[in-house]
Amino acid sequence: MLHSKVLMKKHRKITLPCLPRTLCTLLQLFFLVAKSSAKVPAIVVFGDSSVDAGNNNFIPTIARSNFEPYGRDFDGGKATGRFCNGKIPTDFISEAFGLKKYVPAYLDPKYNISDFAVGVSFASAATGYDNATSDVLSVIPLWRQLEYYKGYQKKLSAYLGETKANETIAEALHLMSLGTNDFLENYYTMPGRADRYTPQQYETFLAAIAENFIKSLYGLGARKISLGGLPPMGCLPLERTTNVMGGNDCVARYNTISLEFNEKLKNLTTRLNQELPEIKLVFSNPYYIMLHIVKNPDLYGFESASVACCATGMFEMGYACSRGSMFSCSDASKYVFWDSFHPTERTNSIVASYVVEHVFTQFLK
């Protein structure tokens, strides 16, 4: 339904006629960014496949997506290594802050420090907080991402000069998005961690790693940091497919883990904001917006939330998604999920818009 949104900014009224709800939200954010005096000169990304822009293309791992049908709705229809049919959340966030349309992968030789100065992703699909998680598919562990970040800072200083580089780091928005693989790929799948920790103890173990990582970023000059929470893991198509006894509904115990871990991260955010001078740490929680989309897909214009677009939509991702591509849907925008583990570009745009509007507003003022 055609509707309009009215924005008030410094007593000026802006009326936006909008068709798609998500487009309307993004346009609102563009107006807010344009009118704000916020200094967010760069987006710096750490995490897993939710924000990997293609780093895994350049390491020896099977956790890749640089082949069809991935990227079919990306500019030029090119598979970049993003686990999506198009753009991932950090691309939309970068654009919403008035920066570039895409956040490039640090290991991609097509880009250099002039590109990375306004946006860079160190993320690696299939990684987690736990080093044991990154070992499962031989991907980039979080500590290595931090080492890449240190090297990036040196390159940035050489490119911008030390003073300007330090200012950029202090004002840049550092995004962390990981944790799902620690549970679904490691704890509940591989031997080891479950023998040593209860689920709640493992949550505490991971939260401590998150804390140390944030403190490391802070020690390196970062001041604006977003700590990402977990989505409703039990509602991923892969988990619903295996929940035969539950009528292929969301798996309650995995959603409970997401809620418990998110509460720990939320409390960590509160505490570190009190402990670390001048830090602006926010908790970006995708759980409720994702759950609302999954439970009410029609409200967002989706036709399917239980199965994905790629292949049969039940269990495929990565190479399996490619091999079964003949069965893929023709219009990914009608699906909440692209493959059995990752949202479509359209879902990413909704979640990114929600986070920018409800969490990152303090960086727009």
Side-chain angles (χ1 to χ4, degrees), residues 29-30 32-47 51-55 57-59 80-81 88-124 140-177 212-228 272-273 275-282 284 352 356 359-365:
L29 295 175
F30 294 152
L32 288 174
V33 171
K35 294 293 182 179
S36 74
S37 59
K39 292 193 299 180
V40 177
I43 303 292
V44 181
V45 184
F46 305 91
V51 290
D52 182 359
N55 283 309
N57 300 351
F58 307 99
I59 62 172
T80 62
I88 53 179
T90 42
D91 296 322
F92 288 108
I93 291 170
S94 175
E95 195 171 8
F97 273 93
L99 302 173
K100 292 190 175 182
K101 291 175 62 178
Y102 313 111
V103 177
Y106 185 65
L107 298 184
D108 192 332
K110 294 196 306 292
Y111 302 98
N112 55 42
I113 191 60
S114 64
D115 302 296
F116 299 143
V118 293
V120 60
S121 175
F122 303 101
S124 176
I140 305 169
L142 193 57
W143 67 265
R144 175 66 69 183
Q145 294 184 33
L146 187 67
E147 290 303 306
Y148 284 147
Y149 176 63
K150 293 176 182 177
Y152 162 75
Q153 287 196 350
K154 292 179 181 179
K155 293 177 183 178
L156 194 66
S157 291
Y159 178 67
L160 296 178
E162 185 175 355
T163 300
K164 182 65 175 178
N166 290 340
E167 179 182 323
T168 297
I169 292 298
E171 298 292 347
L173 179 57
H174 295 68
L175 304 174
M176 298 168 57
S177 178
N212 289 335
F213 187 80
I214 292 168
K215 288 181 176 179
S216 294
L217 290 179
Y218 179 84
L220 291 169
R223 291 298 180 268
K224 297 177 180 179
I225 304 172
S226 166
L227 175 58
L272 291 183
N273 274 318
E275 293 180 3
L276 302 178
E278 298 182 355
I279 195 172
K280 292 183 179 179
L281 176 64
V282 296
S284 300
V356 172
V359 182
F360 296 162
T361 50
Q362 66 172 282
F363 304 128
L364 298 173
K365 297 177 180 177

Can you list the steps and then say if Phe360 with Val40 is a side-chain contact (heavy atoms from CB on, under 4.5 Å)?
-> CA-CA 11 Å; Phe360 296 162; Val40 177; over 6 Å; no
Over all heavy atoms of both residues, which pair between Val103 and Thr90 is shortest? Give the atoms and the distance, please.
-> CG2-O, 3.6 Å
Contact summary for Gly151 and Tyr106, nearest pair of heavy atoms = C-OH, 3.9 Å
Over all atoms of both residues, closest heavy-atom pair of Ser121 and Ala53 | OG-N, 4.1 Å
Salt bridge (Lys or Arg N to Asp or Glu O under 4.0 Å) filter on Lys155, not counting sequence neighbours, yields none
Decide side-chain contact (heavy atoms from CB on, under 4.5 Å) for Met176 and Val51; before the verdict, give the C-alpha distance in whole Å, the side-chain angles of both, and the deciding distance to 0.1 Å.
-> CA-CA 9 Å; Met176 298 168 57; Val51 290; over 6 Å; no
Rounded to the nearest 0.5 Å, how far apart are CD of Glu275 and CG of Asn273?
-> 10.0 Å
Report the residues that fulfil salt bridge (Lys or Arg N to Asp or Glu O under 4.0 Å) with Lys280, sequence neighbours left out, ordered by chain and then residue number.
-> none
Acceptor/donor pairs from residues 158-169 side chains to any protein atom, 3.5 angstrom cut, sequence neighbours excluded:
{"from": "Asn166", "atom 1": "ND2", "to": "Glu162", "atom 2": "O", "distance (Å)": "3.3"}
{"from": "Thr168", "atom 1": "OG1", "to": "Lys164", "atom 2": "O", "distance (Å)": "2.9"}

Can you name the residues that form a side-chain contact (heavy atoms from CB on, under 4.5 Å) with Leu107, not counting sequence neighbours?
-> Asn55, Phe58, Ile59, Ile140, Tyr148
Over all atoms of both residues, closest heavy-atom pair of Lys39 and Lys224 | O-NZ, 2.9 Å
When rounded to the nearest 0.5 angstrom, what distance separates OG in Ser177 from CG in Leu227?
-> 9.5 Å
Mind checking the CD1-OG1 spacing from Ile88 to Thr80? Nearest 0.5 Å is all I need.
-> 7.0 Å
Does Phe213 have any ring pair (Phe, Tyr, Trp, His ring centres under 6.0 Å) partners at least two apart in sequence or in another chain, and if so, which?
-> Phe46
Decide, yes or no, whether a salt bridge links Arg144 with Glu147 under the criterion of side-chain N to carboxylate O below 4.0 Å.
-> no
Contact check, side chains of Val44 and Leu217, non-hydrogen atoms, under 4.5 Å | no
Taken in chain and number order and not counting sequence neighbours, the residues that satisfy salt bridge (Lys or Arg N to Asp or Glu O under 4.0 Å) with Lys100 are Asp115
d(Leu173 CG, Leu99 CG) to nearest 0.5 Å is 9.5 Å
Taking all non-hydrogen atoms of both residues into account, name the closest pair between Leu272 and Ile279 and its distance.
-> O-CG2, 3.7 Å
Here the gap from Ser284 atom OG to Ile93 atom CD1, rounded to the nearest 0.5 Å, amounts to 7.0 Å
Could you tell me whether the side chain of Ile113 reaches within less than 4.5 Å of the side chain of Tyr152, counting heavy atoms only?
-> yes
Tell me yes or no: between the side chains of Tyr149 and Gln153, is some donor less than 3.5 Å from an acceptor?
-> yes
Of all the heavy-atom pairs spanning Pro89 and Ala352, show the shortest one and how long it is.
-> O-CB, 3.8 Å
Are side-chain heavy atoms of Asp108 and Asn57 found at a separation under 4.5 Å?
-> no
If you round to the nearest 0.5 Å, how far is CD of Glu95 from OH of Tyr102?
-> 7.5 Å
